[in-house]
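Atom set for the values below is all heavy atoms of this structure, side chains included, hydrogens, waters and symmetry mates excluded. Note on naming: letters A, B, ... go to the chains in the order of the sequence lines (proteins, then strands), and numbering restarts at 1 for each one. Keep in mind that what you see is a predicted model, and the values were worked out from it rather than measured.
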Amino acid sequence: MKIINCPLNGPRNSSEFVHGGELRQMPDPNNCTDKEWADYVFYSDNQIGVITEWWLHAPSGYWFIAERHTGSDEILRTYDPSEIFTHRVDFAEKVESGQPEEIKA
Amino acid sequence: MPFSLLKYGLNKDYPFEKNADLPAPSALKPHYDVVIIGGGGHGIATAYYLAKYHGITNVAVLEKGYLGGGNTARNTAVIRSNYLTSEGVKFYSESVKLFQELSNEFDFNIMYSRRGQLTLAHSDAAVRGFRQRTEVNKHFGGKTELIDPQQIRELVPTLNMNPADQPVLAGLWHMDGATARHDAVAWGYAKGATQRGVELHQLTEVTGVNVEHGKVTSVDTNRGKVSCGCVVQAVAGMSSVVAAMAGIRMPITTYPLQAMVTQPVKPFLDPLVSSPALHCYVQQTGRGELVFGGGSDPYPLYSTRSTMDLKESLLAHAVELFPFMANMRLMRQWGGLTDMTSDYSPIMGLSPVDNYYLDAGWGTWGFKSTPICGKTMAELVATGRVPELIEPFSMARFDSFRQVNEMGATAASH
Ligand SMILES: Cc1cc2nc3c(=O)[nH]c(=O)nc-3n(C[C@H](O)[C@H](O)[C@H](O)COP(=O)(O)OP(=O)(O)OC[C@H]3O[C@@H](n4cnc5c(N)ncnc54)[C@H](O)[C@@H]3O)c2cc1C
């Protein structure tokens, strides 16, 4: 992988991008157990196959999502996060209300 | 020096032909008391100490490729103990001590070469960090000092003291820093283990792990099923993949790590030189080649390809440190799969599955620990108790947020 197709800026050199980690569901920090939180922050499947992950196009400050094969390094698809995140996630509000958060991935 | 070398030197027959280092391949037995997955330095050292100290010899080391062909063959062989935490320093110091005796113990030259390692500070924060490491190291009997730019100039006259406009302010001078020939370490352990009855099976890949009532009972391989009393997993970059066969999820991410060497030149550089700020370390081998390494690749991947990006960034910094190297040619480049943990410390000891022991999370820094890993893992298998030295490295530390943070002392130096 040398060129990454940025959904906003088109094909750009991979050196312009920063890896943001695998997309995963965050447990509610106010109500989950320590084990669930540890699992979320430290553990990972780390298998060989297609994963869904965050990338940042650094010069334009734009975050997007890629599906990439961790064995062949091939990027199958990149897309804007709005495809998955259909409504706003408000962290501040969540802390006050203690409501479980809704991230659908 | 092992005296038998002298005898071989004067012998007119080549002695190894009748006295081969490793026995010929044999059939797999249906059962072993201990199955070790991974024939790298860690796996084979564990087998060696099991046989040597605990008399346990019904042991099979299963290696999918060839002996020491994984990261053991790919590392840049930096051996040191100047870590930051007391847990880390105690553990790695034991390893350095074992390394110093290995050639004699094996009667097999591992070319241990104590050169000292010099790590450069380019900021006040780094100097403060070095001060702390110096004190922790001294406390546990290590030979480490903080030195000033004048002393650095004397040690390494060819070093540019203002690389990339980041002046060298001080150095962490670790006199115990050393290198050794990594293949010889694997071969020395393999020879000693197989002579004591351990079986090494190369081209034997573990494809499944069978767990009954929470306890491991057998492994599947490309050469059939093998039942076992217990399993030690030591597969470096493949840690998460093999652990998943036993239903274990790990706090590990696999990243490629690359290194490269130049054509050989006259000896000019004795110490190992490392600059964490420039993400680069350089050393000259006994053959005169310069070895370069840096940090892991920027995103997770299971591939050992080399990239132009890494070469450009790494060599730009190496040439800043030693400007005359700009005219040298690269000879070889390669990569390995490193099993990174978030605190840059290993994962050793028990797992959620009974009788299934982990030696993982060795990332970019596990060659230097080969002897002590073998020794402590063997003790764990033989006694069923976690040795005190590796207690802090249990996988369960992540569940209780008790990480052993060695990031600052590891990142670009290994
Ligand atoms: C470029 C590079 C530079 C490094 N530099 C340093 C350094 O300077 N100093 C330092 O201390 N460390 C360094 N390291 C790290 C060090 O090399 C490793 O941590 C160490 O070698 C790990 O040893 P090991 O025996 O656990 O793993 P390995 O030597 O990788 O052995 C694991 C073995 O398991 C086998 N295996 C995997 N899956 C299976 C399966 N399913 N069945 C059977 N066998 C399997 C593999 O084929 C492999 O041979 C470096 C690593 C790299 C890649």
Side-chain angles (χ1 to χ4, degrees), chain A residues 1-6 11-27 29-30 32-59 62-78, chain B residues 235-245 247-256 295-314 316 335 337-345 347 351-352 360-361 363 394-405:
Chain A
M1 179 192 50
K2 288 183 182 134
I3 303 288
I4 297 180
N5 194 14
C6 173
R12 309 289 305 171
N13 196 316
S14 64
S15 61
E16 291 181 13
F17 296 87
V18 180
H19 181 252
E22 226 178 311
L23 183 73
R24 42 172 112 177
Q25 183 127 12
M26 184 171 85
N30 299 306
C32 69
T33 62
D34 282 358
K35 173 74 189 147
E36 284 164 343
W37 188 250
D39 194 83
Y40 171 65
V41 289
F42 300 126
Y43 287 71
S44 114
D45 291 338
N46 193 32
Q47 299 294 305
I48 303 174
V50 176
I51 58 170
T52 307
E53 58 191 4
W54 286 104
W55 282 85
L56 167 71
H57 181 249
Y62 170 72
W63 285 97
F64 61 95
I65 292 171
E67 288 168 12
R68 182 175 63 92
H69 196 290
T70 55
S72 65
D73 205 11
E74 193 185 344
I75 294 189
L76 309 174
R77 202 161 92 84
T78 54
Chain B
V235 293
M238 301 303 280
S239 291
S240 300
V241 173
V242 175
M245 295 178 193
I248 301 168
R249 195 169 130 93
M250 298 192 79
I252 284 182
T253 314
T254 296
Y255 289 84
S296 305
D297 274 17
Y299 59 91
L301 184 67
Y302 283 91
S303 163
T304 53
R305 87 278 182 268
S306 296
T307 63
M308 191 64 191
D309 283 1
L310 194 275
K311 270 192 283 299
E312 276 177 354
S313 61
L314 186 62
L337 297 180
T338 55
D339 37 335
M340 303 295 287
T341 55
S342 53
D343 60 1
Y344 286 68
S345 284
I347 293 170
S351 79
S394 75
M395 186 158 89
R397 76 177 181 273
F398 290 95
D399 304 335
S400 49
F401 303 87
R402 281 204 201 99
Q403 290 95 308
V404 183
N405 186 359

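Contact between B:S303 and A:G71 at its shortest, heavy atoms only, is CB-O, 4.0 Å. Summarising the geometry of B:R249 relative to A:S44, their closest heavy-atom pair is NH1-C, 3.6 Å, with the distance given to 0.1 Å. Taking all atoms of both residues into account, the shortest heavy-atom contact from A:Q47 to B:A244 is NE2-CB, 3.5 Å. Scanning all heavy atoms of the two residues, the minimum distance from B:S240 to A:N46 falls at OG-ND2, 2.8 Å. A:F42 and B:S342 get closest at one heavy-atom pair: CD2-OG, 3.5 Å.
Looking at B:P298, only its backbone comes within 4.5 Å of chain A, counting heavy atoms on both sides. For B:M238, the part lying under 4.5 angstrom from a heavy atom of chain A is the side chain only.
The only member of B:T253, B:I252, B:D399 that meets side-chain contact (heavy atoms from CB on, under 4.5 Å) when paired with A:Y43 is B:D399.
In this structure, the salt bridge (Lys or Arg N to Asp or Glu O under 4.0 Å) partners of A:E16, at least two apart in sequence or on a different chain, are A:R12.
Atom CZ of B:R305 has more than 12 heavy atoms from other residues, nucleotides or ligands within 6.0 Å.
Residues A:S15 and B:D309 bring no donor and acceptor atom of their side chains to less than 3.5 Å of each other.
Two residues are said to be in side-chain contact when any heavy atoms from C-beta on lie closer than 4.5 Å; B:Y299 and A:D73 meet this criterion.
Among A:V41, A:I48, A:D34, the residue with the largest count of heavy-atom pairs under 4.5 Å with chain B is A:I48.
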